[in-house]
2 protein chains.
Amino acid sequence: MSDIFQSVYQHLQFSAEDIKVIAKAHQKIEITKGSFLLKEGETANEYYLLEKGLVRAFVHDYNNNEITTEFFVENEIVIVPASLFQRNPSQETLQTVTDCVLWKISFEDFQHLFHSVPGFSEWGRLWFTTQVFSLKQKSLDIVTETATNRYLKLLKEKPQIIQNAPLKQIASFLGITDTSLSRIRKDLSKI
Amino acid sequence: MSDIFQSVYQHLQFSAEDIKVIAKAHQKIEITKGSFLLKEGETANEYYLLEKGLVRAFVHDYNNNEITTEFFVENEIVIVPASLFQRNPSQETLQTVTDCVLWKISFEDFQHLFHSVPGFSEWGRLWFTTQVFSLKQKSLDIVTETATNRYLKLLKEKPQIIQNAPLKQIASFLGITDTSLSRIRKDLSKI
DNA sequence: TCAATTTCTTGCCAAAAGACAAGTCGCAGA
DNA sequence: TCTGCGACTTGTCTTTTGGCAAGAAATTGA
């Protein structure tokens with residue numbers, strides 16, 4: 001059994017038995033880079049755990065450019081909360097950036113876990129709380145930090161993104177164009 | 001007794017008795033516009049409910065300009081979650097935009113309510129969940145909508161902000177300068 | 001009521017960012 | 001190995017946005 005469940009749910013004291021129940025409810029899938037887990041306009045029905053690889057979420061801006069809104073790295077949950085939990089068509093598309101190994105579970109089965117595994121709903125509560133802090137921090141960073149600093153921060157905190165995602169996706173995630181990011185890199189290399 | 005508690009906590013079925021307990025734990029305060037509820041660098045110790053008036057949160061950007069990050073309207077909770085719940089110095093400052101009537105409670109007493117009022121923690125869970133959806137939506141709007149549309153959306157959803165906050169604060173909240181917003185308004189008036 | 005201050009508008013100029021395109025580089029597949 | 005494609009860099013030009021400042025309008029306080 002993969003130890004991804006241990007990693008993802010480590011913040012709460014689940015018993016080995018609980019982890020086993022959780023793991024058994026998931027199905028392992030391996031998909032190639034460029035695959036879609038969820039497309040704009042669809043309502044999400046699955047919850048994913050990312051064991052290996054890189055996934056991104058993106059939307060189209062008012063000029064129809066793809067803007068990457070999020071990167072998901074190993075041992076993270078890959079979902080569009082507004083679509084999965086509110087049952088709305090997603091504004092965002094989920095696409096693999098590299099070949100990936102994921103574990104999926106239907107939303108229905110996921111909800112069952114809330115009842116069958118004590119402490120799982122507590123874990124959900126914790127996840128939402130953490131999301132509030134990180135979403136807020138991200139929005140503060142966009143206004144308080146320069147593009148260069150946001151790039152350096154991303155490089156420091158999640159280097160696997162910089163290493164594996166194309167420049168264009170990284171740039172749009174940082175709120176700039178690939179041309180600008182290329183120039184930022186050039187300036188940084190001079191120092 | 002003010003019915004603000006009824007308004008704020010209406011999403012869960014609190015009994016009249018529960019509401020009374022909650023209300024009694026708060027203290028009413030009236031403050032003039034321009035007052036500070038929390039300053040950058042301080043750790044928040046109070047939780048506020050806004051009965052009347054308008055409050056904003058702001059940070060300083062990399063050029064030391066004030067950027068309004070949030071507006072709080074009547075019957076909303078006025079807090080900086082990262083500071084209040086994580087006990088960190090706040091990056092954001094809370095300032096009244098107009099004269100205000102607020103009800104405050106210390107963080108300590110607030111935590112007591114979680115234990116003494118059944119369902120209060122459920123309300124907290126709901127609040128965090130809602131925040132995730134709205135914070136995410138806000139970040140999507142910034143990339144998918146033009147500044148003009150963001151202005152129109154704000155005008156439609158929270159006209160009291162447009163009516164009561166100075167242009168400069170509205171502009172920075174929308175991610176543009178007051179000069180640009182003035183020009184957007186001019187263009188809109190031509191239609 | 002009147003003066004003083006703040007807020008908002010607008011013109012001009014500068015700076016920053018983006019669009020576009022050409023050219024280089026490197027990798028993947030035939 | 002060679003070819004072709006996608007990714008990245010870089011130069012030029014354009015567009016957008018912002019800075020600044022002057023003036024008008026509105027608000028505040030004495």
Side-chain angles (χ1 to χ4, degrees), chain A residues 31-35 53-54 56 58 60-68 71 95-99 142-152 154-155 159-191, chain B residues 31-35 53-54 56 58 60-68 71 95-100 142-151 154-155 159-191:
Chain A
I31 49 180
T32 55
K33 87 175 193 185
S35 304
L54 184 61
R56 69 167 182 142
F58 69 86
H60 289 95
D61 71 5
Y62 46 87
N63 279 326
N64 211 35
N65 298 310
E66 281 184 11
I67 308 290
T68 297
F71 283 107
Q95 185 186 31
T96 56
V97 176
T98 64
D99 291 352
I142 290 171
V143 299
T144 59
E145 304 287 344
T146 61
T148 303
N149 281 341
R150 294 203 300 281
Y151 173 76
L152 289 172
L154 185 63
L155 182 62
Q160 63 271 55
I161 293 173
I162 307 290
Q163 286 151 15
N164 293 299
L167 196 76
K168 206 168 183 173
Q169 294 177 13
I170 299 168
S172 71
F173 179 68
L174 294 174
I176 54 179
T177 58
D178 54 342
T179 307
S180 292
L181 181 51
S182 181
R183 289 182 177 134
I184 284 173
R185 276 183 164 173
K186 189 183 175 185
D187 289 346
L188 285 172
S189 70
K190 286 179 190 163
I191 303 168
Chain B
I31 48 180
T32 56
K33 85 177 195 184
S35 305
L54 184 63
R56 69 168 181 141
F58 70 87
H60 289 95
D61 71 6
Y62 46 85
N63 279 325
N64 211 35
N65 298 310
E66 281 184 11
I67 308 289
T68 297
F71 283 107
Q95 183 186 33
T96 56
V97 177
T98 64
D99 291 351
C100 287
I142 289 170
V143 298
T144 59
E145 304 288 345
T146 61
T148 303
N149 282 341
R150 294 204 301 281
Y151 174 76
L154 185 63
L155 183 62
Q160 63 271 53
I161 293 172
I162 307 290
Q163 286 151 16
N164 292 299
L167 196 76
K168 206 167 185 174
Q169 294 177 11
I170 299 168
S172 71
F173 179 69
L174 295 173
I176 54 179
T177 58
D178 55 342
T179 309
S180 293
L181 182 51
S182 181
R183 289 178 178 136
I184 285 173
R185 275 183 163 171
K186 189 183 175 185
D187 290 344
L188 286 172
S189 70
K190 285 179 190 163
I191 303 168

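Just so it is clear: chains get the letters A, B, ... in the order the sequence lines come, proteins before strands, and each one is counted from 1. None of these values were measured; they are calculated from a predicted model.
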Taking distance alone, no hydrogens or angles, what donor-acceptor pairs closer than 3.5 Å link side-chain atoms of residues 160-176 of chain A to residues at least two apart or in another chain?
| residue | atom | partner | partner atom | Å |
| --- | --- | --- | --- | --- |
| A:Asn164 | ND2 | A:Gln160 | O | 2.8 |
| A:Ser172 | OG | A:Thr68 | N | 2.9 |
| A:Ser172 | OG | A:Gln169 | O | 3.2 |

Salt bridge (Lys or Arg N to Asp or Glu O under 4.0 Å) partners of B:Glu145, counting only residues at least two apart: none

Stepwise side chain to side chain contact (heavy atoms under 4.5 Å, CB included) test for A:Thr179 and A:Arg183: CA-CA 6 Å; A:Thr179 307; A:Arg183 289 182 177 134; 3.2 Å; yes

[N] [atom2] sits how many Å from [X] [atom1], rounded?
X        : N      : atom1 : atom2 : value
B:Asn65  : D:dG19 : CG    : C1'   : 11 Å
B:Asn164 : D:dT28 : CG    : P     : 11 Å
A:Asp187 : C:dA16 : CG    : C1'   : 13 Å
A:Ile162 : D:dA7  : CD1   : P     : 16 Å
A:Glu66  : D:dG6  : CD    : P     : 14 Å
B:Asp61  : D:dG19 : CG    : C1'   : 14 Å
B:Ile176 : D:dG19 : CD1   : P     : 12 Å

For the residue pair A:Thr177 / A:Ser180, report whether a side-chain donor-acceptor contact shorter than 3.5 Å exists.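 The answer is yes; a qualifying pair exists.
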
When you compare the side chain of A:Leu152 with that of A:Leu188, does any pair of heavy atoms fall below 4.5 Å? yes

With a 6.0 Å cut-off on the ring centroids, do A:Tyr62 and A:His60 count as close?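 Judged by ring-centre distance (under 6.0 Å), A:Tyr62 and A:His60 do not meet the cut-off.
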
Heavy-atom protein contacts under 4.0 Å, nucleotides 5-15 of chain C, coded B base, S sugar-phosphate only, - none: ---SBBBB---

